[in-house]
Amino acid sequence: MPGVEKRIIIAASIFVLAVIGVIAMSVRTFGIGVPTCLYDVRPFAEAKVIQHGPKRYEVHYVAQMWNFEPAELAVAPGSTVDLYVSTKDVTHGMQIVGTNVNLMAVPGAVNYARVKFDKPGEYLVVCNEYCGVDHHNMASRIHVSEEAAAAAAKAREAALAAQKLPSLAQQLLDQYSCLACHSIDGSTGAGPTFKGLYGSRRTLTSGATVVADDIYLRQSIDAPDAKVVKGFDAMPPIPVLPNDIGKVIDAIKALR
Ligand code: CUA
């Protein structure tokens with residue numbers, strides 16, 4: 001009988017090696033990753049989209065009752081995305097319909113998968129672990145589209161630029177929605193950029209010129225249609241509190 005045992009052991013070993021070989025081959029040839037549970041990484045408390053290259057993304061999904069963050073993700077077709085998922089509360093599932101991604105979001109752990117989005121379109125991300133009354137509504141979307149990816153990249157850049165402002169000034173400019181039209185990085189929006197604005201000489205629609213000093217800025221906030229810079233439409237009236245006008249001007253000054 002020892003001969004039979006030997007043959008069984010050899011057959012079993014060949015089988016195990018074959019399985020490992022198939023896994024290795026699928027990883028190398030088809031880029032199919034085996035979902036991994038990363039126990040040594042601190043669970044992400046915050047959702048994040050990091051773009052490493054034109055078609056390389058790292059996305060930290062955070063699941064909680066009953067949504068995924070980010071709720072919307074946009075990548076260019078052909079992108080490879082490293083997905084990490086963690087949960088803030090109970091166990092959730094994370095399945096991307098139409099792909100082979102099916103991860104668990106387990107408290108205290110971070111799960112990982114790599115996925116390549118070749119086909120343009122909209123992919124639905126759903127929770128497939130029962131997690132409470134609104135489980136069936138827990139979903140998010142991935143848009144695979146050049147245009148959507150470009151728009152999302154621009155929005156991320158703007159958000160990053162906003163973070164570089166001194167926090168108090170940023171809060172104020174945010175609070176009055178100034179940054180919706182006035183960039184702080186020199187790019188032109190619906191209004192002139194704040195970067196380098198203070199102290200500069202502006203040409204108005206009337207052809208006259210004016211220096212953007214405290215007086216001019218105050219006037220522009222009080223009566224936006226009085227002296228409009230050439231090439232722009234008059235700003236809609238913004239109800240800045242009298243106490244805040246000086247602070248808004250200081251925030252613009254800081255961007256000189
Ligand atoms: Cu989350 Cu079901």
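Both counts, for ligands and for their atoms, begin at 1 and track the order of listing.
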Among the N/O/S atoms of Glu129, select the one at the shortest distance from atom 2 (Cu) of ligand 1 and name it. O
Would you check if atom 2 (Cu) of ligand 1 lies under 2.8 Å from any N, O or S atom of His135? yes
Would you check if atom 2 (Cu) of ligand 1 lies under 2.8 Å from any N, O or S atom of Cys131? yes
N, O or S from Thr91 under 2.8 Å to atom 1 (Cu) of ligand 1: no
Can Thr193 and Ser183 be counted as having a side-chain donor-acceptor contact under 3.5 angstrom? yes
Sidechain N-carboxylate O distance under 4.0 Å for Asp244, Lys247: yes
I'd like to know if the side chain of His135 reaches the main chain of Glu129, judged simply by a donor and an acceptor atom lying under 3.5 Å from each other, with no hydrogens or angles considered. yes
Vertex atom 1 (Cu) of ligand 1: angle to SG of Cys127 and ND1 of His92, to 10°? 120°
side-chain contact (heavy atoms from CB on, under 4.5 Å) assessment of Val125 paired with Ile142: CA-CA 7 Å; Val125 180; Ile142 299 174; 3.7 Å; yes
Hey, is CG on Asp118 packed in by over 12 heavy atoms from elsewhere, all under 6.0 Å? yes
